[in-house]
Amino acid sequence: MSTYDYDLFVIGVGSGGVRAARMSAQYGARVATAEEKYMGGTCVNVGCIPKKLFVYASHYHDDFSEAKGYGWLSHQPDFDWTTLLANKDKEILRLNGIYEGLLEGAGVTHFDGRARILDAHTISVGDKQVTTDKILIATGGWPTKQSIPGAEHIITSNEAFYLETLPKRALILGGGYIAVEFAGIYAGLGVQTELAYRGPLFLRGFDDDVRHLVQSELEKKEIALSFESTLAAVEQMPSGALRGTFEDGRVIETDVILAATGRKPAVADLGLETVNVAQRENGAIIVDDQYQTSEPNIFALGDVTDRIQLTPVAIQEAMCFASTQFAGKPQVMDYNDIATAVFCQPNIATVGLTEAEARSQYPAIRVYRSQFRPLKHTLSGSEEQSLMKIIVDDATDRVVGIHMVGAEAGEIIQGLAVAMKAGVTKAIMDQTVGIHPTAAEEFVTMRTAL
Ligand code: NDP
């Protein structure tokens, strides 16, 4: 046992920090954590969880109108934003408590307050100082905003979860996960919504068929999509409304402008200048495959390393870290074929390579694609389309990419991600008997390559 107060001090109790602290303590380490904001980090408080609850809330709009085709003839009910906020806050409070209980149950000592590194083995939290053998930085990320005139009137996802009133109109900046997810949330809740993205087509990095289908589906929901469009200035008018001026001179009036233009590592005021921790230009902490920084006893994982900003990635990294450092079982994380979902409406889920990536990596590929109107919508009246796509390396028959746009895409792709991890071939998918009638069976019935 070391002579330090703790074997491990974890700064930040988000998804990665809590898992690392808990697992390390379970392996016998004396562990402390510190957090100045909320228990559970971005995911629980201002990310995945409240976002998904908002997505569910907004989807009732379609559910109510589609129910008519099934004989439910009552009027569409009114929506009450304050009820949603209150219930969402209650659920978050419950989850905060669960996270607190998990740390307590594992015997972790938690400090409320901002931790600062004083030297490689000393940390201060408020007026307390403690020593530790190892430090793990798991402080996550923070949303960014453009530096344009009037930027103080622009909100980020952090504030979007706490708006006192639901805006009538909203402008969303960006074309990534948060932008398309909030576009769907706002449109579903009846907000007149515009999404403005700087490039020719949003969702850069996703398969082109996915991007085009999501574009047409969002347009069907009357979300105004403005591509090649960059906001240049914002001013607040006497009425309280916001006037946004774009670089091409276009002017719009709206009630809320939400920047969903990426997140940066949360490293400010951590005391990193007192130690030898190398960082990238954007502040991201540089680590090796054991999450070790250039200061040998300081480690970092999750969004603060700015690699793949996903909760399950941070959690897996934390498990590898704890096992390597405190269980004597070194583990290196496999970053290949990480499945992900975007909860726009309809959802996107994807694992592996896009068609364009596969074409550049393999001499020959086969592409299987199916686009259809799901059975449910034959009566619901909805014109929503689903897309399923499989990309196969022709030489080995290995499936190298699977993509879906459609209801519950994340739920469907999760299982297929396991198959891909196990090296599934197209022949095995062909031998798999479908579950009928489901949308997912399409993945095992596509036979003709494009
Ligand atoms: P993303 O990286 O997904 O998207 C950022 C978007 O903003 C891109 O369209 C990007 O354009 C654009 N952008 C970046 N900088 C500027 C700028 N200076 N001016 C104008 N536009 C700009 O970030 P998000 O903020 O949407 O989300 C952050 C991360 O959080 C995601 O990458 C994801 O990892 C994670 N997340 C995951 C979710 C999930 O799992 N469902 C949900 C929400 C977030 P371009 O493409 O041209 O660079």
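Just so you know, ligand 1 is whichever comes first in the structure, and atom 1 is the first atom listed for that ligand. One is the number of the first residue; the rest follow in order along the sequence. Nothing here was measured: the structure is a model prediction, and the numbers come from that model.
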**OP:** Apply side chain to side chain contact (heavy atoms under 4.5 Å, CB included) to the pair I155 and V256, showing each step before the final yes or no.
**Re:** CA-CA 7 Å; I155 64 163; V256 156; 3.7 Å; yes
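- Checking side-chain atoms of R280 against main-chain N and O of D306 turns up a donor-acceptor pair under 3.5 Å.
- Side-chain contact between S226 and Y197 is absent, with no heavy-atom pair separated by less than 4.5 Å.
- Scanning the protein heavy atoms around atom 34 (O) of ligand 1, the nearest turns out to be Q309 O, 2.7 Å.
- Residue contacts with ligand 1 for T144 are absent, since no atom lies close enough (heavy atoms, distance under 4.0 Å).
- With D207 contributing its side chain and E355 its backbone, the two residues share a donor-acceptor pair below 3.5 Å.
- The shell of residues lying under 4.0 angstrom from ligand 1, judged by heavy atoms, excludes G199.
- Ligand-side atoms of ligand 1 in range of G175: 6 (C), 8 (C), 9 (O), range being under 4.0 angstrom from any heavy atom.
- Short contacts between ligand 1 and A341, defined as distances under 4.0 Å to a heavy atom of the residue, involve ligand atoms 39 (C), 40 (O), 41 (N).
- At the shortest separation from atom 5 (C) of ligand 1 among protein heavy atoms lies G262 N, 3.6 Å.
- Within the 4.0 Å heavy-atom cutoff, Y197 counts among the residues contacting ligand 1.
- For ligand 1, the atoms sitting less than 4.0 Å from at least one non-hydrogen atom of Q146 are 19 (N), 20 (C), numbered in the order shown with element in parentheses.
- Salt-bridge annotation for E384 and K221: present, with a side-chain N of the basic residue lying under 4.0 Å from a carboxylate O of the acidic one.
- Ring orientation note: the planes of F161 and F54 are tilted relative to one another, at an angle of 30° to 60°.
- Minimum interatomic distance between F372 and P374 (heavy atoms only, all atoms of both residues): O-CD, 3.6 Å.
- Listed by atom number, the atoms of ligand 1 under 4.0 Å from K51 heavy atoms are 41 (N), 42 (C).
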